[in-house]
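Worksheet: the structure to be examined is printed underneath.
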Amino acid sequence: MSNGDDETDEDAPAEDAGEDVSSEALESRLDEASEALEAAETEADLDEVEATLDDVESDLEAADLPEPDEDDEDAEDPREELESRLSDLRDDLESQRGPYSEDVVDIVTEAQDTVTDSEWTEDGEGEAQDAVEDFLDASAEYVDHDADTGGDFVAAADALGTVADAIEAADLDPDEDAETIEGLLEAAEALETGLEEAEVWDDLTVQEKLDSRGFYDVLNNENRKDYPPEWNAAKLHAEEGDLEEVLYAYENMGSEFFEEYMVDLLYNLGSDAEAAFDAMHQRAQKREKGPISVLGKIGDERAAETLHDYIDGDGDPALQKVTLRALGAIGSEESVQPVANRLDAESDEIRSAAARSLGLLGDTRAIEPLADVLEADDSDSVRASAAWALRQIGTEDALDEAAKYADDRAYLVQAEAEKASGV
């Protein structure tokens, strides 16, 4: 029999696992944190409040709080309410922090990138220059630096970098140097706003961009036509060999009709459109037929490898015919086999286009496959194209193969054969 002073483990009062984690207790602790936050004057005070909120959050996660009645839509959820209030207090805490010198450095560094990377108009460059100069003057009141553009916009980005470095080196304390940081932040935000308002090329309409470049300067009362001025100006630039302006208009107008007009313009320039090769090659890689035709007229063999892919298989017949013609015009010996492979195409039109392309290529390796087509193809128009191609190759063997068909049943074939035989 134990005496009254002894207690078994069972009789000892259990430590209340719910102590200080009831919804009322947590609410009270959040009240205290709110009052402490309102009274906070330094970063250290804010750190203490944040530590309190962290403790409350940890206890809230472990708390065994009553669940709301699922059948009652209006039932309150104490956990949700506490979490919401905790979140609001954290937001208030963050809003009271700073500003920090790092915030200023981030804005200035981003402004430095903006100055460097933006495509400014002439007016916009001057506006951006003014924004930078104003910032250099304003920031000099708060931190020592020797940043100076010398009136040259090229030096503006470096000048901003110099100020950012000076601010970092100053090692400003958010409590002791609060007024300095606030002044620098105000100046940095004014810089940010000034750069945002400065005019860049993307702010302009296409016509404004063209006008700024002097695109319309070639027009005068004598050569101005009734149709859209862009068409006439592009033609005049092309005649003067200024394809840079032509291509700029082509890439930026965004009009299907204008693009067709420009393609025709470049096509008619032929090899003189060499400066447009890169632009046309890029468009050709999207399988645009007009640019493919222009590549044929330019005649640069660099396009051949790209175009070979478009005649592989029985895809878009119209694309294949345009491509075959372009390959023939380019004249690369690397195209002979890919083009000859299309002599077996299912479409009569593609087989005919392939034969004519081989004729333009003029390679003697094509004589035998063209002779086979002339002998056995079911389509007289394809056979006539093969005879024409043999005439274009023009060697004795090629002409002999074509001349064999001077008495052919098909007039088109017969006519080509007679030309090959010199009749």
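By the salt bridge (Lys or Arg N to Asp or Glu O under 4.0 Å) test, Arg325 pairs with no residue at all, sequence neighbours left out.
The main-chain N or O of Glu349 is found under 3.5 Å from a side-chain atom of Ser347 such that the two form a donor-acceptor pair. Listed for the Asp173 side chain is a donor-acceptor partner under 3.5 Å among the backbone atoms of Glu176. One N or O on the side chain of Asp175 and one on the backbone of Glu43 form a donor-acceptor pair closer than 3.5 Å. In terms of modelled atom types and a separation under 3.5 Å, the side chain of Ser118 and the main chain of Thr114 share a donor-acceptor contact. Checking side-chain atoms of Tyr310 against main-chain N and O of Ala284 turns up a donor-acceptor pair under 3.5 Å. Using modelled atom types, no side-chain atom of Gln129 and backbone atom of Gly126 make a donor-acceptor pair closer than 3.5 Å. The main-chain N or O of Gly328 is found under 3.5 Å from a side-chain atom of Ser357 such that the two form a donor-acceptor pair. Looking at Ser84, its side chain never comes within 3.5 Å of a backbone N or O of Glu80 through a donor-acceptor pair. Using modelled atom types, one side-chain atom of Glu127 and one backbone atom of Glu199 make a donor-acceptor pair closer than 3.5 Å. Between the side chain of Thr323 and the backbone N or O of Leu319, at least one donor-acceptor pair lies under 3.5 Å.
Between Ile330 and Asp300, every side-chain heavy-atom pair lies at or beyond the 4.5 Å cut-off. In this structure the side chain of Glu334 never reaches within 4.5 angstrom of the side chain of Glu305, judged on heavy atoms. Side-chain contact between Leu307 and Ile311 is absent, with no heavy-atom pair separated by less than 4.5 Å. Within the 4.5 Å cutoff, side-chain heavy atoms of Tyr248 are placed close to those of Lys209. At a threshold of 4.5 Å between non-hydrogen side-chain atoms, the residues Glu333 and Leu361 do not count as touching. Side chains of Asp278 and Gln282 form no contact here, defined as non-hydrogen atoms less than 4.5 Å apart. Here the side chains of Gln96 and Glu41 are not in contact, with every heavy-atom distance at 4.5 Å or above. In this structure the side chain of Leu399 never reaches within 4.5 angstrom of the side chain of Thr395, judged on heavy atoms.
Applying the side-chain hydrogen bond (donor to acceptor under 3.5 Å, both in side chains) rule to pairs touching residues 182-198 yields nothing, sequence neighbours excluded. Listed by first and then second residue, the salt bridge (charged side-chain N to carboxylate O under 4.0 Å, His left out) pairs involving residues 382-391 are Asp380-Arg383, Arg383-Asp408, Arg391-Glu416 (not counting sequence neighbours). Among residues at least two apart or in separate chains, ring-ring contact (aromatic ring centres under 6.0 Å, His included) pairs with a member in residues 171-224 are Phe215-His237. Among residue pairs with one or both ends in residues 261-295, those qualifying as ring-ring contact (aromatic ring centres under 6.0 Å, His included) are Trp231-Tyr261, Phe277-His281; sequence neighbours excluded.
One distance of note links CZ of Arg351 with CD of Glu346; it measures 9.0 Å at 0.5 Å rounding. Note that the CD atom of Glu61 and the CZ atom of Arg79 stand 8.5 Å from one another [nearest 0.5 Å]. One finds the OG atom of Ser352 at 13.5 Å from the CZ atom of Arg342 (value rounded to the nearest 0.5 Å). Distance CD/Glu27 to CG/Leu86: 11.0 Å, rounded to 0.5 Å. To the nearest 0.5 Å, atoms CG (Leu93) and CG (Asp45) are separated by 11.0 Å. Here the CG-CG distance, from Asp31 to Leu26, works out to 11.0 Å after rounding to the nearest 0.5 Å.
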Side chain to side chain contact (heavy atoms under 4.5 Å, CB included), that's the test. Do Val132 and Leu160 meet it? Break it down for me. CA-CA 8 Å; Val132 172; Leu160 292 177; 4.1 Å; yes

Lys321/Asp316 under salt bridge (charged side-chain N to carboxylate O under 4.0 Å, His left out): CA gap, chis, key distance, verdict: CA-CA 9 Å; Lys321 287 190 291 182; Asp316 180 352; over 6 Å; no

Salt bridge (charged side-chain N to carboxylate O under 4.0 Å, His left out) for Arg97 and Glu50? Distances and angles first, verdict last. CA-CA 11 Å; Arg97 285 197 179 277; Glu50 184 171 23; 2.8 Å; yes

Assess the residue pair Leu266 and Ile298 against the criterion (side chain to side chain contact (heavy atoms under 4.5 Å, CB included)); give the C-alpha distance rounded to whole Å, side-chain angles, the decisive distance to 0.1 Å, and a yes or no. CA-CA 9 Å; Leu266 294 170; Ile298 292 174; over 6 Å; no

Please walk me through it: do Lys235 and Asp264 pass salt bridge (charged side-chain N to carboxylate O under 4.0 Å, His left out)? CA-CA 10 Å; Lys235 180 180 179 181; Asp264 288 342; over 6 Å; no

May I have the step-by-step check of side chain to side chain contact (heavy atoms under 4.5 Å, CB included) for Leu82 and Leu65, ending in yes or no? CA-CA 11 Å; Leu82 288 166; Leu65 300 180; 3.9 Å; yes

Determine whether Leu53 and Leu89 satisfy the following criterion, side chain to side chain contact (heavy atoms under 4.5 Å, CB included), listing intermediate values before the conclusion. CA-CA 8 Å; Leu53 295 180; Leu89 283 171; 4.1 Å; yes

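Shown here is Glu274, whose CD atom has more than 12 heavy atoms of other residues, nucleotides or ligands within 6.0 Å. Within 6.0 Å of atom CG in Asp91, more than 12 heavy atoms from other residues, nucleotides or ligands are found, so the atom counts as buried in its surroundings. Remark: Asn268 CG is packed, more than 12 non-hydrogen atoms of other residues, nucleotides or ligands lying under 6.0 Å away. Heavy atoms from other residues, nucleotides or ligands lying under 6.0 Å from CG of Asp137 number more than 12. Within 6.0 Å of CG on Asp117 lie more than 12 heavy atoms contributed by other residues, nucleotides or ligands. Within 6.0 Å of the CD atom in Glu76, the count of heavy atoms belonging to other residues, nucleotides or ligands does not exceed 12. More than 12 heavy atoms of other residues, nucleotides or ligands sit less than 6.0 Å from atom CD of Glu260. Summarising the local packing, CG of Asp144 is surrounded by 12 or fewer heavy atoms from other residues, nucleotides or ligands at distances under 6.0 Å.
Side-chain contact annotation: Glu133 with Thr149, donor-acceptor N/O pair under 3.5 Å present.
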Name each donor-acceptor pair under 3.5 Å that joins a side chain in residues 101-113 to protein atoms two or more places apart or in another chain, with its distance.
from, atom 1, to, atom 2, distance (Å)
Asp103, OD2, Tyr100, N, 3.1
Thr109, OG1, Val105, O, 2.8
Gln112, NE2, Ala157, O, 3.1

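Taking each heavy atom of Pro66 and Pro78 in turn, the nearest pair found is O-CG, 3.6 Å. Closest non-hydrogen pair, Ala166 versus His145, comes out as CB-CB, 3.9 Å. Listed here is the closest heavy atom pair of Asp203 and Glu208: O-OE1, 4.5 Å.
Under the side-chain contact (heavy atoms from CB on, under 4.5 Å) test applied with Tyr250, the options Glu230, Glu245, Glu259 reduce to a single match, Glu259.
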